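A short write-up of the structure that comes next.
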Amino acid sequence: MSEIQFHNTLSGRTEPFVPLVPSAVSIYTCGPTVYDFAHIGNFRTFVFQDVLRRYLKSRGFRVVQVMNLTDVDDRIIQKSAAAGVSIRDYTDKYIQAFLDDRRALNLEPPEHLARATEHIEDMVALIQRLTAKGFTYTSEGSTYFRISKFPAYGKLSKIDVAGMQAGARVDMDRYDKDNVRDFALWKAPKPGEHFWETAIGPGRPGWHIECSAMAMKYLGETLDIHSGGVDLTFPHHENEIAESEGATGKPFVRYWLHAEHLLVDHEKMSKSVGNFATLRELFSHGQKPSSVRFLLASVPYRRQLNFTPESLQGAAGSVDRLRTFVARLATGKFPAGASPAMAARAAKAREEFDESLSDDLNTAQALAAIFDLVRDVNIAIDRGEFLEGDAAPVMGVLESFDAIFAVLLDDDAEKLRALGFGKDSAGPSDAEIDALVAERQAARKRRDFAASDRIRDQLAAQGILLEDSRDGGVRWKRK
RNA sequence: GGCGCGGUCGCCAAGUGGUAAGGCAAAGGUCUGCAAAACCUUUAUCGGCGGUUCGAUCCCGCCCCGCGCCUCCA
């Protein structure tokens, strides 16, 4: 097994990954702000985080992942007020949608999904700790973090604080802060706004404090991995470091992993630009969950990912090829025996697959190892050289692949139905299809091709594709 | 301006100091009753200019272009 390496934003380098505690990895992943449906740019990062945790698990680590759900912020306060519902009710809806979307993309549930509003006490305690150490000041009921008290500020994003201070013009009237870079830990309530009555006064938490508080609550004061989109590097993650390390005096995170953006028309997909697509929109246009997951997972996470209709179709084609291959392996009839050469070929693919992923999760390269194997096995099958006993080792590789990519199981239609898309009915049942297939086989046997083709067309119209195999069998799949 | 990421076949996208993976798409072919699937063949000298080197797409310099962060943002 190759040594695992990750690119650490903190050092700016790709370095060997060694968790603090052998055999276990603690991961904090920045989750969504639940004021609306997440778009696929957001899911690019979430898919990356899922690939990350799955890979670590495949390498034998016990993974403990915490993902936050930011369920209080300016937008949520505004929108829920506008809708005339409580923050809780407003965010419940989008949290549910988020969880449904995650299921559609086969994202494994994190060990802890932490709602900000359920951790107010933890945040207050952390702020008190910071205050006790002199890192804070208050202004008009709000509490701020004074970055001049934290000399390491800027070490993650490589921002030159001194330069910024010199060039910054502080608008005191507007911010009431000593330094523009100082950030709110606790915000005083505006009239009519929802607030929490706490030991540090009424108000609501600033953005960054929730992540520090929840990460340390579940994972300890030093965690192995923290990840999110590149846009969070500054100020969000920089501020998390300041808050956390200010309070504990210990390193907060050992490896910072940042996912690059998903681009549309050479531009970052974002709500503000308006060039975003939600999963539901794609599904309503007939796209499959597996295509989306494959596309998002296939581009290494530190690369910007160009999202185009063509790339999504490409992903669909790739998934199709792999599923067809698995079906061929599972249903084919092969000569008895087993060949050492094929076992070795499979082992080689397994090794290349792992080695690619160990190199900062190079999923593109890992896929090449799988497709190379697929081609070689198909060649062997076509030549009649593939033996019965060769299927198991090859399937083993595909299982390793799917433990990470999770696209082989053909349950797209089911998932779409669960989200209210696609056909209302499941279409013909397996038994009905099998009966028609048998009928067609009989027609073929008496060389009544008109009848057999009629049945094939009829099934095709219902999205069932038939493949006659050389050994006389028939394989079918739902499109 | 500062910091960071890129520019490789029609599209997506790996990679290496010694003439470039993989997927999708396209064309032709083999197989098939016909299809489908599968396989085979065909399609790139790696943004530009210099430099280092026996040799650079990969190293260095300059330039051009795109994207992101520096304000809410995955």
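Note that the coordinates shown come from a computational prediction; the quantities given were computed from them, not determined experimentally. Letters go in sequence order (proteins before strands), and every chain restarts at 1.
Mapped onto RNA chain B by nearest heavy atom, A:I379 and A:R440 fall at different nucleotides, with A:R440 at the one closer to the 5' end. Nearest-nucleotide mapping onto RNA chain B: of A:V230 and A:D376, the residue sitting toward the 5' end is A:D376.
Counting any heavy atom pair closer than 4.0 Å across all strands shown, A:T33 reaches sugar-phosphate atoms only and no base atom. Contact annotation for A:L466: base contact, defined as any heavy-atom pair under 4.0 Å involving a base atom. As judged by a 4.0 angstrom heavy-atom cut-off over every strand, A:G228 is placed among residues touching the sugar-phosphate backbone only. Counting any heavy atom pair closer than 4.0 Å across all strands shown, A:R328 reaches sugar-phosphate atoms only and no base atom.
Here B:rA36 is the nucleotide among B:rA21, B:rA36, B:rA74 with the atom lying nearest to any side-chain atom of A:E467. In this structure, the nucleotide among B:rC34, B:rA14, B:rC12 sitting nearest to the side chain of A:N306 is B:rC12. Side-chain atoms of A:T45 lie closest to B:rA74 of the nucleotides B:rA74, B:rG66, B:rG33. Looking at the side chain of A:F234, the nearest of the listed nucleotides B:rA74, B:rC34, B:rC70 is B:rC70. Residue A:R321 has its side chain nearest to B:rC24 when only B:rC24, B:rG15, B:rA21 are considered.
At the phosphate of B:rA14, OP1 or OP2 sits under 4.0 Å from a side-chain N or O atom of A:R303.
The six-membered or imidazole ring of A:H226 lies away from that of A:Y255, with a centre-to-centre distance of 6.0 Å or more. In this structure, A:H237 has its ring center at least 6.0 angstrom away from the ring center of A:F252.
Put simply, the side chain of A:D231 and the base of B:rC70 share no donor and acceptor less than 3.5 Å apart. In this model, no side-chain donor or acceptor of A:N362 finds a partner on the base of B:rG15 within 3.5 Å.
Residue ring and base: A:F449 counts as stacked with B:rG33 (centre distance below 5.5 Å, interplanar angle below 30°).
Test A:N42, A:L263, A:L305, A:I40 against A:M269 for side chain to side chain contact (heavy atoms under 4.5 Å, CB included) and you get one pass: A:I40. The side-chain hydrogen bond (donor to acceptor under 3.5 Å, both in side chains) test with A:D360 singles out one residue from A:R302, A:Q5, A:H7, and that residue is A:R302.
Between A:F334 and A:F386, the ring-plane angle classifies as perpendicular under the 30° and 60° cut-offs.
Partner assigned to B:rC67 is B:rG4, using Watson-Crick or G-U wobble distances below 3.5 angstrom. Within the shown strands, B:rU42 is the pairing partner of B:rA26 under the Watson-Crick or G-U definition, both distances less than 3.5 Å.
Comparing the C1' positions of B:rU19 and B:rC72 gives a spacing of 49 Å, expressed to the nearest Å.
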